[in-house]
Amino acid sequence: MSRIDAATDRAESAYDWVDSRLDLEGGSDFLGKAFPAEDSFLLGEVALFCFAILVSTGTFLAFFYEPSTAAVEYGGSVAQYQGQEVPAAFKSVLNITYDVPFGMFLRRMHHWAAHLFVAAIALHMLRVFFTGAYRNPREPNWLVGTGLAGLAMFAAYTGYSLPYDEFASTAVGIGYNVAASVPIVGDPLASIVFGGQFPTSATIPRLFFLHVFLIPAAIAGLIAVHMAILVRQKHTEAQRDGDVAAAETSGGTAAAGGGAEATDGGARLIDRDDDSVVIGLPAFPNQAAVSAVVFFLTMAVLSLLAGLLPVHNIAEYGPNDPASTPSLVMPDWFLMWGYGFLKLTPSWLSFDVLGIHVSSEFVGGLLLPGLVFVAVAVWPFIDRAEKPEHFTRNYLDRPFPTAVGILGVTLVMVASIAGMDVILAEILGTSTAVLRPYLTAALVLVPAAAGTLTYAILGGFEDDSGEGGAEPTMSEDDGTASATEGSSDD
Ligand code: HEM
């Protein structure tokens, strides 16, 4: 027997052994699952890959990071801190940046991956929203997704605090005050999250634990649920141009895309309205190859960003100094809208109800952003579909949901501009006090106007049905199936 034959035999018996334990043959059905070939469906994958990159670069950073505020002498290569006593956390991030091999690159990569993660989640959410893919039966996955969006922001926020530099600590301190402002449970809640009254020596270890363990574990768990629901329910699919000849795969799924030629198993003509079958690329090898390209592109973009663009320069800000406040404090862009609400809520909006104090900080910093999240979470139950729908919808045919989406996006944008009011005031040569009434008016009027205009342009006022999105606007002749039952292609 040649060496190659012997090696093949060994590989086969190893495969048989694993198959006898894990039933690989049974699992291979999954490899035939169909993935609709829609580019915008790749945004979810970008988010997934960013999470994987965040975990691996974060693991590298955690090898060198020290979660402590104890004063230690700095002896690294940044001349301005030589011989000075600085917090251990601050020192360790200086070391990662300037002394650990590849440290600066991987720190930057972690930073940009966090930004791309949140951006991809936001765009993915918008794609799901504007195509109506959250409707029956996918409401549970929309809810899981809403949780993921909140957790992703919280993960970024806790990570921001870790270098314990002056800028980040001040920004994190704002979060502490907001948490402490929650009526009745504010103080214990803030103590649990921040390890006592911010900033104590317990704050950084507590935020470190949340950032590197609890929140990533929760995100990983929710991603697993998100993917399990996706596999169970299948993707939505864009409306078909006509009937499709598709090849059967081992998974029993019609795959290979519109007009596909028959391969093994022979071709079957799938009716354009038949939503019991998903048409798309088989998971393996076609979709796996597409996903590999998306992964390497994500890596390439992040490497380019990490190689070229510096991140949060802690050497410039210096270590946390409770006695001083930096002149300009701002959160990252994805938290800016919440900061905008906080800034625009007037201080007179503090009141007492039944002896319970409700502060303007709570209203602006938590209540209003929280209401936005609640509105997002309950939306699939407002834009309800009585029967399951497995085809995506054209946003131009859904005046009401599209108008609500535009209203929401505009609200977040105006609130984000309000969060940057200091910069805006500087550009316009005025003060924030002068600007704020205008920004408050804009926060109410601009989203309302944008939503109404969208509704009017899409013909919502002429449409008798009002198209709250509850019923499909196109007839079956247009190619939109009114769904009757869930996908049953497995
Ligand atoms: C860590 C964050 C997230 C990851 C990694 C993720 C990943 C994915 C992936 C890979 C898909 C399949 C491909 C696609 O349709 O893009 C998907 C589908 C879906 N996601 Fe997410 N997602 C995340 C957050 C969200 C959020 C914030 C929402 C909405 C609030 C959401 C709602 C959905 C829904 C409803 C589907 C099914 C869409 C369909 O069948 O067309 N996801 N997700």
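Atoms within a ligand are numbered from 1 in the order they appear, just like the ligands themselves.
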For [X], atoms of ligand 1 separated by under 4.0 Å from a heavy atom:
X	answer
E45	10 (C)
R127	14 (C), 15 (O), 16 (O), 38 (C), 39 (C), 41 (O)
I121	1 (C), 2 (C), 27 (C)
F117	1 (C)
T146	30 (C)
M125	27 (C), 29 (C), 30 (C)
L48	5 (C)

Margin query: Go through it in stages, so that I can follow the logic: the residues are L106 and F64, the test is side-chain contact (heavy atoms from CB on, under 4.5 Å), and I'd like the CA-CA distance, side-chain angles, deciding distance and then a yes or no.
Written below: CA-CA 12 Å; L106 288 168; F64 303 98; over 6 Å; no
N or O pair under 3.5 Å between [X] and ligand 1:
X	result
R138	yes
H235	no
F41	yes

Margin query: Aromatic contact between H312 and F167, with the criterion being ring centroids under 6.0 Å apart: yes or no?
Written below: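 Yes - the distance between ring centres of H312 and F167 falls below the 6.0 Å cut-off.
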Next item on the list: For side-chain contact (heavy atoms from CB on, under 4.5 Å), just list the numbers for V278 and T236, CA-CA rounded to whole Å, side-chain angles, deciding distance to a tenth of an Å, and then say yes or no.
Entry: CA-CA 8 Å; V278 182; T236 50; over 6 Å; no
Give a yes or no answer on whether the side chain of [X] reaches the backbone of [Y] with a donor-acceptor pair at less than 3.5 Å.
X	Y	answer
W337	P369	no
T392	T131	no
T203	F194	yes

Check: At atom 21 (Fe) of ligand 1, what's the angle from H226 NE2 to H124 NE2, rounded to 10 degrees?
Finding: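 Here the angle at the metal atom is close to 170°, to 10°.
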Quick one: does [X] get within less than 4.0 Å of ligand 1, heavy atoms only?
X	answer
F51	no
M227	yes
F35	no

Next item on the list: Let me see the working for R398 and N394 under side-chain contact (heavy atoms from CB on, under 4.5 Å), right down to the final yes or no.
Entry: CA-CA 7 Å; R398 306 187 336 125; N394 187 339; over 6 Å; no
Note to self: Quick one about D383 and Y134 (side-chain donor to acceptor, distance below 3.5 Å, no hydrogens or angles considered), yes or no?
What the structure shows: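 Judged by distance alone, the side chains do pair up.
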